[in-house]
Amino acid sequence: MGILAVALPVMDYLRAVPGDLGDARFNSVVLEHLYLWTKGLEPGLWSPGFFYPYPGALTFSDNHFGSGALYVALRYLHLDREYAFDLWYLASYVLNYAACFHALRRFGYGAVASACGAFFFAFALPVSESSGHAQLGFRFAVPLALASFHDLVERREFRRLGHVAGWVALEFYCSIYVGFFLVFLLAAYIAATSVRWKLNGVRVRGFWTALISAYVGATRREVAITVACVALSALAIMALLYPYAHYSKLYGFQRSPEEVVTMLPRWGSYLLADWSWIWRGLSARVEDIPVRHEHQMFVGLGAVLLALAGVGYRHDRWGAASLIAIGLLVLVTMKFPHFSIYLKLIKLPGISSIRAVARIVLVMLFPISILVARGVERSIRVPRRRRLAVVVALAVLLMIVECVAFAPYHTPIKSWRDRLTLYQGELPDQLPSSAIVFVPVIKPDDTVFPEIDGVILAQDRGVMSLNGYSGNAPLSYRADFNDPCNEVWLRVSGYAVFAQLPEHERQALLERVIPIGLPICHSGRVE
């Protein structure tokens, strides 16, 4: 039901691509880079052919290392890049649902309750709202990491610590944003389970006591393997993040507190669902939210009712821990009128790079899915409370309707291809391997699409591109959008200054550039 009624409509049943001609196409550019790199057609893994000749351009954004193999496989099966992109994104829904269902079963919930919780995790409103940011799609390691954490605490299985570390590392490779927020979620659960609990009158151990007990009960071999898994996972994350740190320092990337604060959640953020057919009217009444499209954090009334139905279900410490974890994440990331805890944390190395903090709702969906499963389970295990069962059944139905009643924003595949037909006949049939393709920005109000056009044209022809688009760009990557005739010179000269190139090398670089769609220029003026 979720695939047919939620996921496929997001891509108009494979006739369109989620999102617009900006971020969605850029994500396809990164995935296509991985495919071309496996074929030996790219100069380097970390230095793709866009933003050429700047090195390390892949570190300007997410890299899709953890999920890109699927796209690469689909391209090797000769699918066009647009359809390979759609199927790659569709797979994220399947994996997210399957992983959450499996995790909730390990938490001890029944099949029906786990199915409801997994449906919410995979197809909730915030997921559809973020479909234009395809880099956030693969979240399957989040529930698997928490399931391993659960087994570590409840079953005293020390080896599960290695599993937690492995899933965290994999999530970082799928999406650095989601991996970062998964660490926050785990820290919240550690805090929530560090206190002692009473279950049926019996005191149960907190996290640290359980960890020590698991360590004492483990064999030497199990300890050695677990320590090795944790160490290898840490090294894998360091190996992933080191190039980001290196090039961030090289190019002077830094997010100011003023930029980060615009994307910290407000109370109103948790009420926003601007593309919901049901809630868009109420959502429109929430005002004064900066960067509004990043704050679509309303999870739906159905999920809230299910969570409330499970609150009175006593014999479940993980339901209570999930409530505490959600509360801690809200407290740490919230922008209160006069202070924010998160703004204190951005002084730590690397944290300031995480700009869109409101996206943390995508990992908060898992503890909420536990509460959803808990509410459904309560109605099943207490059969004599028929009124509760009816309320829960209606809440499940409402949750499904809310997820389906969404107006997805997508772009027809034809529109993707039509962008490239704008430049048909502009490029010669044969290009030298050293060519650098460049599409100038003609209109100051259309600065994104031409940049991506140039990158895709270059990828399709197997050459480099002077164009580039990402969350970051080198300070010396200069452009004069009011004078397209001057853009090539500005960008090449900016790189020459950055790389300290002598004049003859700068001139040689200029001669390799092939502009496409450049207007007639006389004395620096456009006609």
Side-chain angles (χ1 to χ4, degrees), residues 27 30-31 34 58-59 61-71 88-89 91-104 106-107 117-118 121-122 124 126-127 130-131 133-152 160-190 226 229-245 322 325-326 329 332-333 350-351 353-370 471:
N27 277 294
V30 174
L31 290 166
L34 299 181
L58 195 62
T59 64
S61 64
D62 263 311
N63 52 66
H64 300 310
F65 287 168
S67 62
L70 175 60
Y71 175 90
W88 166 81
Y89 188 65
S92 68
Y93 288 97
V94 177
L95 289 173
N96 292 341
Y97 179 91
C100 189
F101 179 83
H102 171 74
L104 292 175
R106 283 168 62 179
F107 270 82
F121 179 77
V127 177
S130 65
S131 59
H133 301 300
Q135 69 272 23
L136 305 172
F138 287 83
R139 298 172 292 119
F140 63 91
V142 173
L144 295 176
L146 267 298
S148 297
F149 179 83
H150 167 272
D151 293 346
L152 171 65
R160 297 296 183 180
L161 182 62
H163 296 177
V164 172
W167 290 124
V168 170
L170 179 57
E171 190 55 62
F172 266 97
Y173 275 77
C174 288
S175 169
I176 293 177
Y177 256 94
V178 180
F180 176 81
F181 292 138
L182 173 55
V183 173
F184 267 51
L185 181 62
L186 283 167
Y189 267 102
I190 289 173
T226 300
C229 287
V230 172
L232 288 174
S233 299
L235 288 173
I237 295 174
M238 291 172 61
L240 175 72
L241 298 183
Y242 173 76
Y244 284 87
S322 296
I326 293 170
L329 292 180
V332 170
T333 59
I351 294 184
S353 299
I354 304 300
R355 177 183 52 145
V357 184
R359 295 174 182 175
I360 198 170
V361 69
L362 294 175
V363 301
M364 292 171 66
L365 294 179
F366 181 69
I368 299 174
S369 74
I370 290 179

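Residue numbers start at 1 and run along the sequence shown. Atoms considered below: every heavy atom in the structure, side chains included; atoms not considered: hydrogens, waters and symmetry mates.
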Report task. Evaluate the criterion side-chain contact (heavy atoms from CB on, under 4.5 Å) for residue pair Ser369 and Leu104; output intermediate values, then yes/no. Result -> CA-CA 8 Å; Ser369 74; Leu104 292 175; 4.3 Å; yes
Requested in this report: Step by step, work out the side chain to side chain donor-acceptor pair (under 3.5 Å) result for Asn27 and Tyr71.
Outcome: CA-CA 11 Å; Asn27 277 294; Tyr71 175 90; over 6 Å; no
Report summary line: Nearest heavy-atom approach of Phe121 to Pro143 is CZ-CD, 3.7 Å
Query - Least distance between heavy atoms, Ala91 atom then Leu70 atom - result: CB-CD2, 3.2 Å
Query raised in the report: Is the distance between the ring centroids of Phe184 and Phe180 less than 6.0 Å?
Result: yes
**Report entry** Rounded distance (nearest 0.5 Å) linking atom CG of Leu31 with atom CD of Gln135
**Finding:** 10.5 Å
Report task. Taking the side chain as every heavy atom from C-beta outward, state whether Leu329 and Leu185 have any pair of such atoms under 4.5 Å apart. Result -> yes
Requested in this report: Check whether any side-chain heavy atom of Tyr89 sits under 4.5 Å from a side-chain heavy atom of Ser131, and report yes or no.
Outcome: yes
Query raised in the report: Side chains of Ile190 and Phe149: closer than 4.5 Å at any heavy-atom pair?
Result: yes
Requested in this report: Sort out for me which residue in Phe172, Trp88, Tyr173 forms a ring-ring contact (aromatic ring centres under 6.0 Å, His included) with His64.
Outcome: Trp88
Query raised in the report: What is the minimum heavy-atom distance between Pro243 and Ala239, and which atoms define it?
Result: CD-O, 3.1 Å
Query raised in the report: Looking at side-chain heavy atoms only, is the closest gap between Tyr189 and Ser322 below 4.5 Å?
Result: yes
Report summary line: To the nearest 0.5 Å, atom CG of Leu136 lies from atom SG of Cys174 at 11.5 Å
Requested in this report: Please step through side-chain contact (heavy atoms from CB on, under 4.5 Å) for the pair Phe65 and Leu170, ending with a clear verdict.
Outcome: CA-CA 9 Å; Phe65 287 168; Leu170 179 57; over 6 Å; no
Please set out all donor-acceptor pairs under 3.5 angstrom arising from side-chain atoms of residues 359-368, sequence neighbours excluded.
{"residue": "Arg359", "atom": "NE", "partner": "Glu294", "partner atom": "OE1", "Å": "3.1"}
{"residue": "Arg359", "atom": "NH2", "partner": "Glu294", "partner atom": "OE2", "Å": "2.9"}

Query raised in the report: Between Gly162 and Val230, which heavy-atom pair has the shortest distance, and what is it?
Result: CA-CG2, 4.1 Å
**Report entry** Side chain proximity check, Arg139 to Val127, heavy atoms < 4.5 angstrom
**Finding:** yes
Requested in this report: Write down the atom of Ala141, the atom of Trp167, and the distance for their closest heavy-atom approach.
Outcome: CB-O, 3.4 Å
Requested in this report: Working to the nearest 0.5 Å, report the span between OG of Ser67 and CD of Glu171.
Outcome: 9.5 Å
Query raised in the report: From Cys229 SG over to Arg160 CZ, what is the distance, rounded to the nearest 0.5 angstrom?
Result: 12.0 Å
**Report entry** Side-chain heavy-atom pair Tyr177, Arg355 within 4.5 angstrom cut-off
**Finding:** yes
Query - Side-chain (Asn96) to main-chain (Phe140) donor-acceptor, under 3.5 angstrom - result: yes
Requested in this report: Determine yes or no for a side-chain-to-main-chain donor-acceptor pair under 3.5 angstrom, with Ser148 supplying the side chain and Leu144 the backbone.
Outcome: yes
Query - Phe107 side, atom CZ; His102 side, atom NE2 - distance, nearest 0.5 Å - result: 11.0 Å
Query - Derivation of the side-chain contact (heavy atoms from CB on, under 4.5 Å) call for Leu241 and Ile176 - result: CA-CA 9 Å; Leu241 298 183; Ile176 293 177; 4.1 Å; yes
Query raised in the report: How long is the gap from CG on Leu95 to SG on Cys100, to the nearest 0.5 Å?
Result: 12.5 Å
